[in-house]
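Each remark here refers to the structure printed beneath this line.
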There are 2 protein chains.
Amino acid sequence: MAFSERVARLKSSLIREILAAAQRPEVMSFAGGLPAEPMLPKVEWAEMPASMGQYGMSEGEPALREAIAAEARTLGVPCDASQVLIVSGSQQTLDLASKLFIDPGTEVLLEAPTYLAALQAFQLFGADCIAVPQEADGPQIDALRQRLQNHKPAFAYLIPTFQNPSAVRYSEAKRDAVAALLDEFGVTLIEDEPYRELVFDDGSATPIVSRLQKASWIYTGTVSKTLLPGLRVGYLIATPDLFPYLLRLKQSADLHTNRIGQWQALQWLGSEKYRGHLAELRDFYRIRRDAMQAVLEEHFSDLADWQVPQGGLFFWLTLKQPLDTRTLLAPALAQNVAFMPGEPFFIDPDANPGHLRLNFSHVAPERLSEGLKRLAEVIRQAQAS
Amino acid sequence: MAFSERVARLKSSLIREILAAAQRPEVMSFAGGLPAEPMLPKVEWAEMPASMGQYGMSEGEPALREAIAAEARTLGVPCDASQVLIVSGSQQTLDLASKLFIDPGTEVLLEAPTYLAALQAFQLFGADCIAVPQEADGPQIDALRQRLQNHKPAFAYLIPTFQNPSAVRYSEAKRDAVAALLDEFGVTLIEDEPYRELVFDDGSATPIVSRLQKASWIYTGTVSKTLLPGLRVGYLIATPDLFPYLLRLKQSADLHTNRIGQWQALQWLGSEKYRGHLAELRDFYRIRRDAMQAVLEEHFSDLADWQVPQGGLFFWLTLKQPLDTRTLLAPALAQNVAFMPGEPFFIDPDANPGHLRLNFSHVAPERLSEGLKRLAEVIRQAQAS
């Protein structure tokens, strides 16, 4: 069978395998990024017009595009509804952007670590990925400047607000510095913001795209983390030089996003009901974050270092005594505990051992301590042997 | 702005422009393939479990995969639920297959004419398209053999049952002959069947994939033509050598298909209610087909030749005095009539003038005669000048 060249770059997804293993009800899974089941809002469908069953526009539902543009403007993103494209979940934005920009050998600039599924999407299309090390308050600015001087990336893909996996929120100063550098070198920014609304403090985090003067940009979001991921409704907002291409690529990919989910999203976005739901969500996740922090201090303080995340869904642990955390997966699953090894979040996994990504939203509090105790024990045994 | 090489192959879609123009309520549109609004079934959502809001499996909902495999087996397609992948509408199968097979210069075998959006998807990825002329009962078999002798296509993409745009249903003999040739030359078949259920007679049309002995295949279908296109739920069934790659490509494209639509589709597939709905649909469309045939005989018998379609949604007209039908579009729209020019359905549009695709499902009967009369007049004026 003669497949395309890109199929050789199609990685077996560790995520799929871990999530499949984590489906077993006895498994305590810190692996995924699933919203907590009790916080999935109850939705009503009775009022949905029958017309939502018909084919729709590739751009998305006009009223939803308006609502998303209005929300983005309140964040300082200068945009109009005509720049909004509704997509079948945020992952599709990565697919469309890959199609728009990436030929085999095209350079792309990423954080190290970065979102695994983005890395895989870009590499599938043949991207040559260049990494900028992540610090507690955002990327190393000197390293970013150096990369931009030495390379010509088609775009920079950044997750500045509660990054997956590192939980980092860029400081205001670093947001300004990144914007200035992208403007200086004329590099397009893809700013991915699935976690913006899951915030536990009053910290400020104005989007980087709102600070750009010249560079083109794509700003991307989703309702998957705050409403219902099963709807598969996300969006991108793009500068007018990029939008028409992304729209045609969307049409070629799947004609348009499902209208049922779009209609449901529209019932929530910008509403009082949604604001109330978000407030409940933040309280719920803050409590889970705090519970996880307490248990981590108990079982991991001698094993790892970490920052307390101020938003998002993850703790990012750095082992004091690094080892390839992929080797921990089988023994952890044997103890009915799942987690995400840190290595696959890096362009060069073997050079970056010793991180674990732990989700704090999914495991019920009553099983948290037992799960993390077992995981710590697995690590201790691996380090002892 | 440095885009990927493929963006240069991203055509401005005539379909989008025509459909946008056809949105005006005063326009009588024979252009799209939209189901008739009165035949969109009333659907219920009250029983949907809350769990459908959560992330799902990339493969699709297990029960829906089982139901689709069971239906396919009754058609003679040898398959198991593990070979079924739920996709975000049939168009996504074309995107995934393109990713799996097509590098720039990869040869692909198509019917002439073929489905416009398939042609565009394959060309976007750089396919070198090879065409086999379509006859009233399927492709020219001698031409097919000759193409397979002289070329090495990665796959053959065929729409054997009420083809879009030509409305052709392959004869049983041609189905056998095509299967034998693909087996002989070891060429993968992509068999696209959106219109199978919209049939107006008792003619037989067993899928070609069920006749293959050796060649790999992808069989693709959708609920868009029989249930609700706005759900964006389609499926593919693939031989086990192809399935794992298609699954990973699906995951990279959009993680999984929306579960809301999948749940709704499952309420219908294989049920008594669905069989009843399909029977009503066939009666409704048969009546519309007959009405269109009567009006065409009145206004077009001196202008064009056509076969009466035994299924699907389209008449395919061949002008007795050929001209570039794309030039008719502006004057037709000025008369508030939309249609699909035939040229874009060919690899070499300029070499294939003089066809029109007319949808018979959408325009209400009371406007049909006026619409087609205006269109005939536009053609007469163009031919006179």
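As the structure is a computational prediction, the values presented were derived from the model and not from experiment. Numbered from 1 within each chain, the chains take letters A, B, ... in sequence-line order.
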Completion exercise
Cut-off 4.5 Å, heavy atoms of chain A, and the answer for B/A2 is backbone
Exercise for the section: Can you measure from CD (A/Q91) to NZ (B/K250) and round to the nearest 0.5 angstrom? Expected result: 10.5 Å
Fill in the blank from the handout: If you tally heavy-atom pairs under 4.5 Å between each of B/F155, B/F101, B/Y55 and chain A, the highest tally belongs to B/Y55
Problem - A/K273 atom NZ: more than 12 heavy-atom contacts under 6.0 Å - result: yes
Handout entry: Choice from A/T257, A/V87, A/I260, A/V233 maximising heavy atom contacts with chain B below 4.5 Å
Key = A/I260
Fill in the blank from the handout: For B/E5, the salt bridge (Lys or Arg N to Asp or Glu O under 4.0 Å) test, sequence neighbours excluded, returns B/R9
Practice task
Return the option, out of B/S58, B/G261, B/A253, with the maximum number of heavy-atom pairs under 4.5 Å with chain A.
Solution key: B/A253
Exercise for the section: Find the one option among B/Q264, B/Q92, B/M57 whose heavy-atom pairs under 4.5 Å with chain A are most numerous. Expected result: B/Q92
Handout entry: For A/D95, all residues meeting salt bridge (Lys or Arg N to Asp or Glu O under 4.0 Å), sequence neighbours excluded
Key = A/K99, B/K99
Handout entry: Which atoms of A/T106 approach chain B - backbone, side chain, both or neither, heavy atom under 4.5 Å
Key = neither
Practice task
Check each atom of A/Q123 against the heavy atoms of chain B and say whether the ones under 4.5 Å are side chain, backbone, both or neither.
Solution key: neither
Handout entry: Heavy-atom pairs under 4.5 Å with chain A, option from B/G234, B/G33, B/G53 with the top count
Key = B/G53
Practice task
For each of B/S88, B/A154, B/P35, tally heavy-atom pairs with chain A at distances under 4.5 Å, and name the one with the top tally.
Solution key: B/P35
Handout entry: chain A neighbours within residues 222-232 of chain B, where any heavy atom lies under 4.5 Å away
Key = B/S224, B/K225, B/L228, B/P229, B/G230, B/L231, B/R232
Exercise for the section: Check each atom of A/S90 against the heavy atoms of chain B and say whether the ones under 4.5 Å are side chain, backbone, both or neither. Expected result: neither
Practice task
Can you measure from CG (B/L94) to CG (A/D254) and round to the nearest 0.5 angstrom?
Solution key: 11.0 Å
Exercise for the section: Would you indicate whether A/Y115, at its atom OH, is surrounded by more than 12 heavy atoms from other residues, nucleotides or ligands within a distance under 6.0 Å? Expected result: yes
Completion exercise
Scanning both residues in full, the closest heavy-atom pair of A/Y245 with B/V7 reads CD2-CG1, 3.5 Å
Handout entry: Pick from A/A121, A/S252, A/S216 with the largest number of heavy-atom pairs that fall under 4.5 Å of chain B
Key = A/S252
Handout entry: A/D103 side chain reached by B/S4 side chain, heavy atoms, under 4.5 Å
Key = yes
Handout entry: Residues of residues 36-47 of chain B within contact distance of chain A, non-hydrogen under 4.5 Å
Key = B/E37, B/L40, B/W45
Handout entry: Contact class of B/L124 relative to chain A, heavy atoms under 4.5 angstrom
Key = side chain
